[in-house]
Amino acid sequence: MAHQSLMGHINTKQEVIEAFHCFDKDNKGTVEKSVLRQVLTELGDIMEDFEIDELIQQADLHRNGQIPYEEFVNLLFLYDGH
């Protein structure tokens, strides 16, 4: 199911996951919190800082600054209401 994502394009979950893969330098399925913040700030829809902080906090499951991006994409799709 496709929908208007936070990235501003029509994407499926799999397409967004594949896009995050390019930021996964170690091929571990994670992206650094700082990189994620930058992507959301520069490439995504306009979001308030508190919204970005909330999403990152929810996605940082191990509280180590490494965000599992498949789980994060699931949160994005829930956040968008789809």
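All figures in this text were calculated on a predicted structure; none of them were measured in a lab.
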Peer 1: With the side chain counted from C-beta on, respond yes when Val31 and Ile67 share a heavy-atom pair under 4.5 Å apart, and no when they do not.
Peer 2: yes
Peer 1: Using every non-hydrogen atom in the two residues, find where Leu75 and Leu55 come nearest and quote the distance to one decimal.
Peer 2: CD1-O, 4.1 Å
Peer 1: What distance separates Gln38 CD from Phe23 CZ, expressed to the nearest 0.5 Å?
Peer 2: 7.5 Å
Peer 1: At what distance, to the nearest 0.5 angstrom, does CD1 of Ile17 lie from NE2 of His21?
Peer 2: 11.5 Å
Peer 1: How long is the straight-line distance from CG of Leu76 back to CG of Asn74, given to the nearest 0.5 Å?
Peer 2: 9.0 Å
Peer 1: Yes or no on side chain to side chain contact (heavy atoms under 4.5 Å, CB included) for Ile56 and Arg37, after CA distance, side-chain angles and deciding distance?
Peer 2: CA-CA 8 Å; Ile56 290 174; Arg37 173 176 291 289; 4.0 Å; yes
Peer 1: Under the 3.5 angstrom rule, does the side chain of Asp60 hit a backbone N or O of Gly65 as a donor-acceptor pair?
Peer 2: yes
Peer 1: How far apart are the closest heavy atoms of Val73 and Lys13, and which atoms are they?
Peer 2: CG1-O, 3.8 Å
Peer 1: Could you tell me whether a side-chain N or O of Glu71 sits under 3.5 Å from a main-chain N or O of Pro68, the two making a donor and an acceptor?
Peer 2: no
Peer 1: Is the shortest side-chain heavy-atom distance between Leu40 and Leu36 below 4.5 Å?
Peer 2: yes
Peer 1: How far apart are the C-alpha atoms of Lys33 and Gln66, what are their side-chain angles, what is the distance that settles it, and do they pass the side chain to side chain contact (heavy atoms under 4.5 Å, CB included) test?
Peer 2: CA-CA 6 Å; Lys33 181 169 57 172; Gln66 295 294 317; over 6 Å; no
Peer 1: OG1 of Thr30 to NE2 of His62: how many Å apart, nearest 0.5 Å?
Peer 2: 9.5 Å
Peer 1: Could you check whether the rings of Tyr69 and Phe20 sit parallel, tilted or perpendicular, using 30° and 60° as the cut-offs?
Peer 2: parallel
Peer 1: Could you tell me whether a side-chain N or O of Glu51 sits under 3.5 Å from a main-chain N or O of Glu48, the two making a donor and an acceptor?
Peer 2: yes
